[in-house]
Amino acid sequence: MNKLVTYQFNLNTFLGILGYVLVVVFITWVLSRIIRYIIVQIIKRRKTDPYGGTSIMFLRNSVKFCLGLFGIAYIIITVPAFRSKATLIFSGAGILAAIIGFAAQAALSNLIAGAFIVLFRPFRVGDYIKLDDTRVGIVEDITLRHTVINNFENKRLIIPNSVISTDSVLNHTIEDSHVLSFNNFKLGLKADIDLARKIIQEEAIKLPTVIDFRTPEQVMIDEEQVDVRVIDVHTDHIHMRAYVWLNEPFQEFKTKCALKEAVHKRFLAEGVALPIPIYNIVQVN
């Protein structure tokens with residue numbers, strides 16, 4: 001590179017500097033592409049984990065960032081005009097250096113948090129995770145700075161790695177893709193509980209994502225595939241809950257909706273009493 005600088009470019013002119021910068025950027029880009037391709041091929045050959053794509057994507061982002069940073073530093077060091085300006089700034093502006101150092105803390109914490117996520121794998125690319133009621137979806141990418149979650153509205157949630165690494169994460173797909181879905185129903189106080197339980201169980205096992213998760217012993221004693229319990233009795237309704245095993249966590253919301261609709265139609269058709277709201281009328285004189 002030094003020979004290239006000496007014989008091909010005049011770094012004292014604008015065009016010479018521009019041409020040199022373009023060549024360095026191009027070489028850095030080519031090296032980045034080559035190294036990222038080699039990393040991907042090595043990991044694909046050695047990785048048996050179906051979620052190895054997490055490591056691949058993170059390493060590719062890391063290589064791109066590091067080589068880009070190296071290219072910028074190399075240009076500053078080798079171009080006299082840039083080097084003199086950089087020396088002046090960093091030698092005479094201690095406050096600026098302190099500000100840059102403070103700002104870099106957040107970037108460094110995100111980088112370290114991202115590395116920990118890839119290393120310890122609380123979640124991986126392709127996992128269905130939930131942080132709270134509004135932050136839920138499928139992990140689409142893990143970069144050096146942030147994690148990208150695609151929610152079920154096809155919107156991307158961009159969450160800094162330092163934030164998501166300290167939050168409690170509910171991972172629906174790690175290790176075991178089977179999930180136990182809680183489905184709540186409200187009945188009138190005079191409803192036939194046994195009939196309601198029978199309807200819920202019959203409608204639940206009709207759904208394609210519902211599985212029989214009973215042990216052989218439970219099957220032998222003829223235990224119901226879907227457990228339905230009375231959770232509580234309130235002043236205006238009876239609260240029942242169906243515990244339904246699913247083989248596809250991504251379809252849990254659709255399954256809940258389908259079950260509620262089917263059960264409600266059966267309740268109306270077979271005369272199961274529904275809750276009637278109780279209002280307190282206060283007369284003000």
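No hydrogens, no waters, no symmetry mates; every other heavy atom, side chains included, goes into these values. Counting begins at 1 with the first residue of the sequence. Source: prediction; values computed, not measured.
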Are [X] and [Y] side-chain neighbours, meaning at least one heavy-atom pair lies under 4.5 Å?
X	Y	value
Ile129	Ile164	yes
Val272	Leu187	yes
Val179	Trp245	no
Leu274	His264	yes
Asn150	Glu140	yes
Val244	Ile205	no
Ile149	Arg156	no
Leu259	Phe185	yes

Test log, rule salt bridge (Lys or Arg N to Asp or Glu O under 4.0 Å), inputs Glu202 and Lys206: CA-CA 7 Å; Glu202 290 177 351; Lys206 293 179 183 178; 5.9 Å; no
Check the hydrophobic clustering (I, L, V, M, F, W, Y; side-chain heavy atoms under 4.5 Å; chains of links allowed) and say if [X] and [Y] are grouped together.
X	Y	answer
Met220	Phe213	no
Leu170	Ile159	no
Ile200	Leu189	yes
Val23	Leu31	yes
Ile158	Ile142	no

Measuring from atom [atom1] of [X] to atom [atom2] of [Y], what distance do you get when rounded to the nearest 0.5 angstrom?
X	Y	atom1	atom2	result
Leu22	Ile27	CG	CD1	11.0 Å
Leu131	Leu157	CG	CG	9.0 Å
Glu224	Asp212	CD	CG	10.5 Å
Glu248	Lys254	CD	NZ	10.5 Å

Contacts of type side-chain hydrogen bond (donor to acceptor under 3.5 Å, both in side chains), residue Glu261, not counting sequence neighbours: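 Result, side-chain hydrogen bond (donor to acceptor under 3.5 Å, both in side chains) vs Glu261: Lys265.
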Where [X] and [Y] come nearest, the two heavy atoms and their spacing:
X	Y	result
Ala191	Ala273	CB-O, 3.5 Å
Val226	Ala242	CG1-CB, 4.2 Å
Phe123	Val139	CD1-CG2, 3.8 Å
Leu246	Ser181	CD1-CB, 3.8 Å

Derivation of the side chain to side chain contact (heavy atoms under 4.5 Å, CB included) call for Arg135 and Lys130: CA-CA 6 Å; Arg135 296 182 296 174; Lys130 178 179 179 180; over 6 Å; no
Audit row: Leu195, Phe267, side chain to side chain contact (heavy atoms under 4.5 Å, CB included) steps and yes/no: CA-CA 9 Å; Leu195 176 59; Phe267 281 177; over 6 Å; no
Evaluation steps, side chain to side chain contact (heavy atoms under 4.5 Å, CB included), between Phe26 and Val30: CA-CA 6 Å; Phe26 177 74; Val30 171; 3.7 Å; yes
Has the side chain of [X] got a donor or acceptor atom that lies under 3.5 Å from a matching backbone atom of [Y]?
X	Y	answer
Gln218	Glu223	no
Asp167	Val169	no
Asp194	Arg197	no
Lys186	Asp236	no
Asp232	Val230	no

Salt-bridge criterion met for Asp227 and Arg241 (N-O under 4.0 Å):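 Looking at Arg241 together with Asp227, the answer is no, because their closest N to O distance does not fall below 4.0 Å.
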ring-ring contact (aromatic ring centres under 6.0 Å, His included) contacts touching residues 215-235 (sequence neighbours left out):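 Listed once each, the pairs are His234-His237.
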Polar side chain donor-acceptor pair, His146 to Asn161, under 3.5 angstrom: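 The criterion, which ignores hydrogens and geometry beyond distance, is not satisfied for Asn161 and His146.
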Gln251 versus Thr209, side-chain donor and acceptor atoms under 3.5 Å: no
Heavy atoms from other residues, nucleotides or ligands near OH of Tyr243 exceed 12 (cutoff 6.0 Å): yes
Side chain to side chain contact (heavy atoms under 4.5 Å, CB included) evaluation trace for Val233 with His239: CA-CA 6 Å; Val233 177; His239 180 191; over 6 Å; no
